[in-house]
There are 2 protein chains.
Amino acid sequence: MSTSPSPEAPAYPTHPVADVHQVLSALADPVRLEIVRRLSRAGGGPTPCAHLYDGVSKSTASHHFKTLREAGLTERSVEAGQSCQRLRVAEVEQALPGILSAVLRAADELTEPQ
Amino acid sequence: MSTSPSPEAPAYPTHPVADVHQVLSALADPVRLEIVRRLSRAGGGPTPCAHLYDGVSKSTASHHFKTLREAGLTERSVEAGQSCQRLRVAEVEQALPGILSAVLRAADELTEPQ
DNA sequence: TGGTAAGTTCGACGTACGTCGAACCCGCCC
DNA sequence: GGGCGGGTTCGACGTACGTCGAACTTACCA
């Protein structure tokens, strides 16, 4: 009752897209870049956390999710009881035109040298 | 060996453009981003080191120049006795299409908010 | 032949960052 | 109800990074 003032308490607020420096720092870490890449592959929809990383512990991954959210690159939601992240493609493209797509392309070419 | 083995000893070799991670890291530092911005403003030609930074010591600036060179973003030359840096626009654009221009644009808009 | 100015290199130092395990929370479903 | 799997938070720890001043090199100039 008195505990929750609003029906949906937003414990994980969506941040505005941060400045170039912070966004570049967020994207510069290999683990985070991979998360963003998978999010992009997922077609822009909310994706369960567990599908987004390999090789690091849950706590480390959670920390990276937080960093990405604070840079405004992703937002959190809960779908069917699972915590999910979504890439804010449109918002990021508007704030920092071209950066996300260029970085994603470069990352893809690194992975698939073709 | 007191003498140089080759007539033109390249003490400061030009590096190939590094991978996305290293380039993003290089660009993520505010001091380095400013250096790159000024280099870009200079029209792509070699620019004396002293014109490229404010607020940090010479040794710190020299360290940042080295980081940029190792990421393949810049190269060093000597013009009229002065040490100069040049932005490798074409090479970076070919290796990582769109990234440099997008970052530069975002940095400019940060500095000149329209 | 000094002297000065510009750059680089070399430690040193403090802070920020990535990483982990443990503890905790929350929904599910046996 | 009790256990379980997925996430988050909280220290703690080690390393990487940005910063500086001092020392050194080189080039230029009086």
Side-chain angles (χ1 to χ4, degrees), chain A residues 3-4 8-15 18 21-36 38-39 46-71 74-86, chain B residues 1-4 7-15 18 21-36 38-39 46-71 73-86:
Chain A
T3 50
S4 300
E8 309 177 15
Y12 304 88
T14 298
H15 293 68
H21 168 228
Q22 195 173 342
V23 168
L24 254 25
S25 296
L27 256 18
D29 182 275
V31 175
R32 288 193 292 264
L33 184 51
E34 175 64 17
I35 291 173
V36 170
R38 295 193 188 187
L39 245 14
T47 307
C49 291
H51 301 168
L52 298 172
Y53 64 92
D54 292 312
V56 294
S57 67
K58 287 193 300 179
S59 56
T60 297
S62 190
H63 161 71
H64 286 308
F65 291 141
K66 186 182 177 198
T67 301
L68 287 171
R69 283 197 305 270
E70 289 176 348
T74 60
E75 68 181 11
R76 201 189 100 118
S77 62
V78 175
E79 311 287 332
Q82 276 187 126
S83 178
C84 292
Q85 311 289 326
R86 184 185 73 85
Chain B
M1 309 304 287
S2 52
T3 54
S4 304
E8 308 177 16
Y12 304 90
T14 298
H15 293 67
H21 167 229
Q22 195 173 343
V23 168
L24 254 25
S25 297
L27 257 18
D29 181 274
V31 175
R32 288 194 291 265
L33 184 51
E34 175 64 16
I35 291 174
V36 170
R38 295 193 188 188
L39 244 17
T47 307
C49 290
H51 300 169
L52 298 172
Y53 65 93
D54 292 313
V56 296
S57 67
K58 286 192 301 179
S59 58
T60 298
S62 190
H63 161 71
H64 286 309
F65 291 142
K66 186 181 176 197
T67 301
L68 288 171
R69 282 197 305 271
E70 289 176 348
L73 293 174
T74 61
E75 68 182 10
R76 200 189 100 119
S77 61
V78 176
E79 311 286 332
Q82 276 187 126
S83 179
C84 293
Q85 310 289 328
R86 184 184 75 84

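By convention in this document, chain letters (A, B, ...) are assigned in the order of the sequence lines, proteins followed by strands, and residues within each chain are numbered from 1. Both backbone and side-chain heavy atoms feed into the values below; hydrogens, waters and symmetry mates do not.
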Sugar-phosphate or base contact per nucleotide [nucleotides 21-30 of chain C; S, B, -; heavy atom under 4.0 Å]: BB--------

Do [X] and [Y] have side chains that get closer than 4.5 Å, going by heavy atoms?
X: Ile35(B); Y: Phe65(B); value: yes
X: Val31(B); Y: His63(B); value: no
X: Gln85(B); Y: Leu52(B); value: yes

Would you kindly give the [atom1]-to-[atom2] distance between [X] and [N], to the nearest whole Å?
X: Tyr12(B); N: dG7(C); atom1: OH; atom2: P; answer: 11 Å
X: Phe65(A); N: dT19(C); atom1: CZ; atom2: C1'; answer: 15 Å
X: Lys66(A); N: dC17(C); atom1: NZ; atom2: C1'; answer: 13 Å
X: Glu79(B); N: dA6(C); atom1: CD; atom2: C1'; answer: 15 Å
X: Glu70(A); N: dG18(C); atom1: CD; atom2: P; answer: 12 Å
X: His51(B); N: dA6(C); atom1: NE2; atom2: C1'; answer: 11 Å
X: Tyr53(A); N: dG18(C); atom1: OH; atom2: C1'; answer: 15 Å
X: Glu34(B); N: dT19(D); atom1: CD; atom2: P; answer: 13 Å

Under 3.5 Å, side chain of Ser25(B) to main-chain N/O of His21(B), donor-acceptor pair present?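 It does hold such a pair.
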
Indicate yes or no for a side-chain donor-acceptor contact from Glu70(A) to the backbone of Gln22(A) under 3.5 Å, with no hydrogens or angles considered.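 A pair under 3.5 Å: no.
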
Using a heavy-atom cut-off of 4.0 Å across all strands, would you classify Ala61(A) as base, sugar-phosphate, or nothing?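 Counting heavy atoms under 4.0 Å across all strands, no contact is made by Ala61(A).
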
Determine: side-chain N/O of [X] to OP1/OP2 of [N], distance under 4.0 Å, yes or no.
X: Arg76(A); N: dG7(D); result: no
X: His63(B); N: dC10(C); result: no
X: Ser83(A); N: dG7(D); result: no

side-chain hydrogen bond (donor to acceptor under 3.5 Å, both in side chains), paired with Thr14(A), selected from Arg86(A), Glu75(A), Arg69(A), Arg76(A):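 Filter result, single survivor: Glu75(A).
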
Side chain of Val56(A), heavy atoms from C-beta onward: which of dT9(C), dT19(D), dC20(C) has the nearest atom to it?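 Nearest listed nucleotide: dC20(C).
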
Residue that, paired with Leu68(A), satisfies side-chain contact (heavy atoms from CB on, under 4.5 Å) out of Asp29(A), Leu33(A), Val36(A):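 Of all the options given, the one that passes is Val36(A).
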
Quick one: on DNA chain C, does Val31(A) or Ala50(B) contact a more 5' nucleotide (nearest heavy atom)?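 In this pair, the answer is Ala50(B).
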
